[in-house]
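As the structure is a prediction and not an experimental result, all values here were calculated from the model.
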Amino acid sequence: MKYLLSLCAFIFLFSCTSQATNSKYTKIEYQAGACFGFCPVFKMTINPDRTAVFEAEHFNFNDKPSKDEFSKPREGTFTGTIKEKDYNKLIRLLDGLDVKNLKDKYGSRNITDLSTAYLRINFNDGTSKNVEDYGKRGSEKLSEVYHFIEDLRKNQEWTKVQ
């Protein structure tokens with residue numbers, strides 16, 4: 001009986017670790033550019049083991065931002081591990097996008113003060129997809145991914161490293 005229990009525990013542990021390494025995404029990178037207002041400016045890189053780097057420039061932490069923040073130094077570089085349920089939701093959102101078939105560019109520059117989103121996905125087959133979305137309105141599903149990643153800035157635990 002204890003051998004059977006040990007075998008089950010081994011299989012369970014092995015399946016948990018292999019799940020992260022079997023992701024079809026080897027790197028998920030999102031960057032939010034500046035606008036003429038108080039749009040958060042940052043870059044986040046998420047790996048299949050759920051480790052992440054959050055490079056915060058401006059307007060990421062202050063609930064009442066001001067233009068004075070541009071004269072301050074960047075907010076810093078942070079590391080963390082994305083919660084498993086949040087990582088799994090992100091993967092489901094990306095899977096629902098059919099990432100490889102997205103357009104390379106979305107948005108029109110008729111309005112000059114909107115933020116640009118850059119979504120860069122590396123796949124385990126060696127290919128990658130880069131999406132540039134001026135105004136962050138490429139599609140409803142794409143906007144949902146942007147909002148989800150932007151929320152990760154505030155609902156994960158981050159440790160400042162620089």
Participant: Roughly how far, to the nearest 0.5 Å, is CD of Q162 from OG1 of T79?
Facilitator: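 The OG1 atom of T79 sits 10.5 Å away from the CD atom of Q162.
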Participant: Would you find more than 12 non-hydrogen atoms of other residues, nucleotides or ligands less than 6.0 Å from K100 atom NZ?
Facilitator: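 Yes - once you tally the heavy atoms of other residues, nucleotides and ligands closer than 6.0 Å, there are more than 12.
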Participant: Just verifying a value: how many Å separate N124 CG and K24 NZ, rounded to the nearest 0.5 Å?
Facilitator: 9.0 Å
Participant: Enter the distance from I28:CD1 to L90:CG here, rounded to the nearest 0.5 Å.
Facilitator: 4.5 Å
Participant: State which residues pass side chain to side chain donor-acceptor pair (under 3.5 Å) with E29; sequence neighbours excluded, sorted by chain then number.
Facilitator: R120
Participant: Rounded to the nearest 0.5 Å, what's the gap from CD1 on I121 to CG on L94? Could you check?
Facilitator: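 The distance works out to 5.0 Å.
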Participant: Name all residues meeting the side chain to side chain donor-acceptor pair (under 3.5 Å) criterion together with K103; count only those two or more places apart in sequence or in a different chain, and write none if there are none.
Facilitator: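 Side chain to side chain donor-acceptor pair (under 3.5 Å) check on K103 returns nothing, list empty.
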Participant: What residue pairs, at least two apart or across chains, pass ring pair (Phe, Tyr, Trp, His ring centres under 6.0 Å) with a residue in residues 117-136?
Facilitator: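 For residues 117-136, and leaving out neighbouring residues, the ring pair (Phe, Tyr, Trp, His ring centres under 6.0 Å) pairs sorted by first residue read Y25-F123.
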Participant: Work out which heavy atom in L102 is nearest to a heavy atom in L97; give both atom names and the distance.
Facilitator: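 Heavy atoms only, the tightest pair is CD2-O, 3.9 Å.
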Participant: Under the side-chain contact (heavy atoms from CB on, under 4.5 Å) test, which residues partner K160, sequence neighbours left out?
Facilitator: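 In terms of side-chain contact (heavy atoms from CB on, under 4.5 Å), with neighbours along the sequence ignored, K160 is linked to F78.
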Participant: Does P48 reach the side chain of Y87, with side-chain heavy atoms less than 4.5 Å apart?
Facilitator: yes
Participant: Could you name each residue pair satisfying salt bridge (Lys or Arg N to Asp or Glu O under 4.0 Å) that touches residues 133-159, not counting sequence neighbours?
Facilitator: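 For residues 133-159: K136-E150.
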Participant: Identify, with sequence neighbours excluded, every residue that meets side-chain contact (heavy atoms from CB on, under 4.5 Å) alongside E57.
Facilitator: V41, R74
Participant: Restricting to pairs with a member in residues 86-149, which pass disulfide (SG to SG under 2.5 Å), not counting sequence neighbours?
Facilitator: none
Participant: To the nearest 0.5 Å, what is the distance between CG (L93) and CD1 (I149)?
Facilitator: 8.5 Å
Participant: Who are the ring-ring contact (aromatic ring centres under 6.0 Å, His included) partners of F148, not counting sequence neighbours?
Facilitator: none
Participant: Quick one: which residue pairs count as a disulfide (SG to SG under 2.5 Å) with a foot in residues 32-137, not counting sequence neighbours?
Facilitator: C35-C39
Participant: Donor-acceptor pair, distance only, cut-off 3.5 Å: does the side chain of Q156 make one with the backbone of K83?
Facilitator: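 Side chain of Q156 to backbone of K83, a donor-acceptor pair under 3.5 Å: yes, one is there.
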Participant: Which residues pass the side chain to side chain donor-acceptor pair (under 3.5 Å) test with N101, not counting sequence neighbours?
Facilitator: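 Partners of N101 under the side chain to side chain donor-acceptor pair (under 3.5 Å) test: D98.
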Participant: Is the distance from the ring center of F42 to that of Y30 below 6.0 Å?
Facilitator: yes
Participant: Mind checking what makes side chain to side chain donor-acceptor pair (under 3.5 Å) contact with T51, not counting sequence neighbours?
Facilitator: N47, D49
Participant: Taking a hydrophobic cluster as the set of Ile, Leu, Val, Met, Phe, Trp and Tyr residues connected by side-chain heavy atoms closer than 4.5 Å, whether directly or through intermediates, do I91 and L119 fall within one such cluster?
Facilitator: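 In one cluster: yes.
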Participant: To the nearest 0.5 angstrom, please state how far the CD atom of E75 sits from the CZ atom of F59.
Facilitator: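 Separation between the atoms: 8.5 Å.
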Participant: Given 3.5 Å as the limit, does a donor-acceptor pair link the side chain of S115 with the main chain of G33, or not?
Facilitator: yes
Participant: Using salt bridge (charged side-chain N to carboxylate O under 4.0 Å, His left out) as the criterion, list what pairs up with D104, not counting sequence neighbours.
Facilitator: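 Here the qualifying residues are K129.
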